[in-house]
2 protein chains.
Amino acid sequence: MTTLSPSGPVAGQRKVRRATMNDVARLAGVSIKTVSRVVNDEPGVHPSTAERVLAAIDQLGFRRNLSARNLRRGSSTGTIGLVLEDVGNPFYSGVTRAVEEIARLRGRQVISGSSDEDPGRERELALEFCSRRVDGLLIVPAGLQHSYLVPEMRAGTPVVFLDRPAGDVVADTVLVDNIGGTVEAVTHLAAHGHRRIAFLGDAPDIFTANERLRGYREGCVRAGIGYHEELVAMGPHDESSVATTLQRLQNLREPATAIVAGNNRITVHILRSLAGVAERPALVGFDDFELADLLSPPVTVIAHDASALGKAATDLLFARLDGDNSPPRRVVLPVRLVPRGSGEVHA
Amino acid sequence: MTTLSPSGPVAGQRKVRRATMNDVARLAGVSIKTVSRVVNDEPGVHPSTAERVLAAIDQLGFRRNLSARNLRRGSSTGTIGLVLEDVGNPFYSGVTRAVEEIARLRGRQVISGSSDEDPGRERELALEFCSRRVDGLLIVPAGLQHSYLVPEMRAGTPVVFLDRPAGDVVADTVLVDNIGGTVEAVTHLAAHGHRRIAFLGDAPDIFTANERLRGYREGCVRAGIGYHEELVAMGPHDESSVATTLQRLQNLREPATAIVAGNNRITVHILRSLAGVAERPALVGFDDFELADLLSPPVTVIAHDASALGKAATDLLFARLDGDNSPPRRVVLPVRLVPRGSGEVHA
DNA sequence: GGCCACTATGACAACGTTGTCCCCCAGCGG
DNA sequence: CCGCTGGGGGACAACGTTGTCATAGTGGCC
C-alpha cells in the first residue's frame with residue numbers, strides 16, 4: 001500500500017502499518033491467543049514459546065492496541081478526565097499535579113483540558129472525555145448547568161466537582177472554606193484597628209467570588225464595622241481596572257485603609273499597582289502564592305492547598321470507582337490565615 | 001444483571017450498561033448503519049428518520065464509543081501525548097497550556113504525564129501513550145536513551161523533543177538558547193565590574209544544566225575573568241544546600257560578588273537564603289518568574305517563553321502530521337536578558 | 001491397558017463502530 | 001410495460017483484542 005522506506009532508526013519515514021498480534025503470531029508460529037497470553041502475562045504458556053513470542057514482538061516493534069483492548073474488555077479504559085479553568089494558572093497546575101499523582105498510583109492516565117471559564121467549552125471537554133469512556137471525571141465547573149452529565153452519571157461514570165459546586169445536579173463536590181476564609185481575613189484586619197476594609201473580587205457569577213464576598217460581608221458585620229457598598233469592587237479585573245479601583249478607594253471621603261483581595265491574580269494586580277507607593281493599605285490576599293514571603297512587606301494570605309484539593313477530589317473519585325455508592329458528599333477543606341506582614345499593619 | 005435504581009438525576013447509582021448504536025437503532029426502528037449516518041452527519045438520511053434517531057439518542061443518553069470508532073477507522077485517535085518533567089512547575093504548566101491551545105485548534109485532546117526526571121517513568125509514559133495510539137508525542141526527555149521510541153517513530157508516530165534533545169535518536173527538537181543565555185548573563189555582570197561571578201546549576205547530567213554551565217564558562221573566558229572551579233556549584237540543590245553554598249562563596253579568599261542561577265528553582269532558593277542579608281551579591285537568574293519585578297531588588301533574569309516553546313514544538317508536530325517528512329529539525333529559541341535591578345549592582 | 005488429570009495451545013465469537021456493497025421502490029421516459 | 005435512475009436504507013465484514021471453550025498430547029495410577 002505505501003512504500004517502505006530504506007529503514008534505519010531515523011525520523012521522517014513513511015507511515016508503516018503497525019504490527020498486530022496477528023503479525024506477531026505468524027512470525028512466532030503460534031496462534032494469536034498465545035500472543036495475547038504472553039502480552040498479558042497469563043499463565044499456561046511454555047517458557048520456550050513465550051520466548052519466541054517475545055522475540056517476535058521485539059522484532060516487529062509490536063505494541064498492543066489499547067483501543068481494541070478496552071473495546072473488547074468493556075471495563076476500564078484506565079483514564080481520568082480533568083476539566084479545569086486553566087492549566088497555566090499555578091493553582092490549577094498544582095491541582096493537576098496532585099490528580100496525576102494519585103491517578104498514577106491507581107494505574108490511570110489523566111486527560112485534561114482548560115475551559116477558560118467558558119461553560120460551552122467545559123461541556124464540550126467533559127462530553128468528549130465521556131466519549132473516550134474515561135473511568136471518571138473531575139470538573140472545575142465553569143457554568144451552572146450540568147444536567148448534560150446526567151446520562152453519563154447514570155451510565156456509571158463518577159463525577160466529582162472541585163473548587164466550585166455543580167449547577168443542577170447532585171454530585172460529589174470538594175470545596176475550600178471560602179466564606180470562613182474571608183471572614184477570617186476581615187476579622188484579622190479589624191483586630192489591627194482597620195474599620196475601612198475594601199474587597200476586590202471576581203465577577204459574582206463565579207461561585208468562589210460570590211462566596212468570598214459573602215464571607216467579607218459577614219466578617220464586616222461581625223466586626224461591627226458595617227458593610228459599605230462603596231468599599232466593594234467585583235467583576236473581571238485586570239491590571240488597569242485594579243489601579244483605577246485603588247484610586248477610587250483612596251479618594252473616598254473615608255478612604256480604605258485595608259484591602260481583602262479575592263484571589264491570587266487580583267492580589268498580584270494590587271501589588272503591582274502599589275509598587276513604589278509609600279502609604280500602603282494593609283492587604284490580605286485569598287490564595288497563597290510563591291514568593292509571597294519574599295516581597296516587602298511579605299504578603300499575608302488566606303492559604304489553601306491546591307494539592308490537598310486535587311487529592312481530596314481524586315480520592316473521592318476513586319472511592320466511587322471502588323464501589324462506594326453512598327449519597328453524594330460535599331467536602332469543605334479548611335483554609336488558614338498566614339500572617340506575613342502586609343495584613344498586620346495597624347490602621 | 002444489575003438492578004436499576006429508582007431513576008432521577010442523582011449520583012450514587014448502580015452501573016447501567018451504556019447504550020450502543022444498536023440500542024438506538026432498535027428504539028428508533030432503523031438499522032444500526034442509519035444511526036451511524038446520523039451520528040456522523042452523513043448525507044442520505046431522510047429528515048424524519050434522522051429526527052427519530054436523534055430522539056432515541058437523547059432518550060437513551062447515547063454517546064458514541066470512541067474506542068470502537070478509532071479501532072474501526074484505524075486513523076487518528078485525536079490525541080497528543082505530552083511527557084514533561086512536572087506539570088506543577090509553572091514553566092511546564094505554561095508549556096502545557098500552549099500545547100493544549102494548539103491541539104485544540106487542530107481538534108486534538110492532550111494526555112499528559114510527569115516524569116519527575118525519572119527516565120524509566122518517561123519511557124513508561126511515552127510507551128503507554130503509544131499504546132493508546134496517540135497521533136503524536138511531545139517529550140521533555142528525562143534520560144538519554146530514546147531508542148525505545150524507534151519502533152513507534154517507524155510506525156509513523158511523530159515525536160518532538162522539547163527543552164532538551166533526545167539521547168540516541170535523530171528527531172525534531174525545540175530548545176532554548178541555553179549557552180547564549182548564560183554567556184549574556186556573565187557578560188552583563190562583568191560589564192558592571194564583577195570579576196568573581198559564581199554559577200549555581202542543576203546536576204550536569206541534565207542537558208540544560210550542562211549547557212548553561214558551558215555558557216557560563218564561555219562567558220567567563222570571553223569577559224577575561226577566567227573560569228574558577230571554586231565558583232561553581234552543580235548538583236541537585238535544595239534550600240539548605242544553596243544556603244551552604246552561598247556561605248562558602250562568601251568565605252572564599254576572594255568572595256563571589258555576583259551569582260548566575262541555573263534555573264528558576266535555584267533562583268528562588270537563593271532569594272530565600274539572601275532574605276534579610278544586607279550585603280547582597282548581584283544576581284541574574286535563568287528563567288523568568290512571576291513577581292520577579294516586585295521583589296526588592298527586582299530580579300534580573302534570562303527570560304524565555306514557555307508558551308513559545310510549547311507552541312513551536314506543537315507546530316512542528318502538526319507539520320509532521322500534515323505530511324512534512326523533511327529531515328528532522330532542531331529549533332533553538334532565543335532568550336533575552338531582562339534587567340530589573342539585581343543584576344545591575346556594581347561590584 | 002484404560003482412564004484421568006493436567007498442561008499447552010488453538011478456534012471462534014464478540015466488543016461497538018464504520019466502510020462497502022447491495023437492495024427496494026418511486027418516478028420517469030421510451 | 002419495461003428499463004433506468006437515484007434516494008433512502010440495510011446486511012455484513014472488518015478493525016485488534018480477549019473470554020470461552022475445545023482439543024491434542026503427556027504422564028501417572030489402578
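Here is the naming used below: chain letters follow the sequence lines, and residue numbers restart at 1 for every chain.
- Between B/Ser36 and C/dT18 there is a side-chain polar atom (N or O) within less than 4.0 angstrom of OP1 or OP2.
- At a non-hydrogen distance threshold of 4.0 Å, B/Met21, B/Ile32, B/Lys33 from residues 21-34 of chain B come into contact with DNA chain C.
- Across the protein-nucleic acid pair, A/Asn70 atom CG and D/dG19 atom C1' stand 15 Å apart, rounded to whole Å.
- Within residues 38-52 of chain B, the residues that have a heavy atom under 4.0 Å from DNA chain C are, in order of number, B/Asn40, B/Glu42.
- For C/dT9, neither phosphate oxygen OP1 nor OP2 lies less than 4.0 angstrom from any side-chain nitrogen or oxygen of A/Arg37.
- The environment of CZ in A/Arg121 is crowded: more than 12 heavy-atom neighbours from other residues, nucleotides or ligands sit within 6.0 Å.
- At least one side-chain nitrogen or oxygen of B/Arg73 sits closer than 4.0 Å to the OP1 or OP2 atom of C/dG19.
- Ion pairing between A/Asp172 and A/Arg320 holds under the 4.0 Å rule for side-chain N and carboxylate O.
- Annotation: B/Arg104, atom CZ; neighbour count of heavy atoms from other residues, nucleotides and ligands within 6.0 Å does not exceed 12.
- What you find for A/Glu85 and A/Val140 is that their closest heavy atoms are N-CB, 4.4 Å.
- Remark: B/Asp324 engages B/Arg329 in a salt bridge, criterion side-chain N to carboxylate O under 4.0 Å.
- Side-chain atoms of A/Arg72 stay outside donor-acceptor range of the base of D/dT17, with no qualifying N/O pair under 3.5 Å.
- Between A/Arg164 and A/Glu117, at least one side-chain nitrogen of the basic residue sits less than 4.0 Å from a carboxylate oxygen of the acidic one, meeting the salt-bridge criterion.
- Side chains of B/Asn70 and B/Thr77: no donor on one and acceptor on the other come within 3.5 Å.
- Protein atom CG of A/Leu71 is 8 Å distant from nucleotide atom C1' of D/dT17, rounded to whole Å.
- Ion pair B/Glu152/B/Arg133 not flagged as a salt bridge, since none of the NZ, NE, NH1 or NH2 atoms sits closer than 4.0 Å to an Asp/Glu carboxylate oxygen.
- Spacing between atom CZ of B/Arg17 and atom C1' of C/dA14 amounts to 13 Å, rounded to whole angstrom units.
- For B/Gln145, the CD atom is loosely surrounded, since the number of other residues' heavy atoms within 6.0 Å does not exceed 12.
- Residue-environment remark: CD (B/Glu42) exceeds the threshold of 12 foreign heavy atoms within 6.0 Å.
- At a threshold of 4.0 Å, the pair A/Arg132-A/Glu128 counts as salt-bridged, since one of the basic side-chain nitrogens sits closer than that to a carboxylate oxygen.
- Looking at residues 53-67 of chain B, you'll see B/Phe62, B/Arg64, B/Asn65 sit with a heavy atom under 4.0 Å from some atom of DNA chain C.
- Side-chain nitrogen and oxygen atoms of A/Arg69 include at least one within less than 4.0 Å of the OP1 or OP2 phosphate oxygen of D/dT18.
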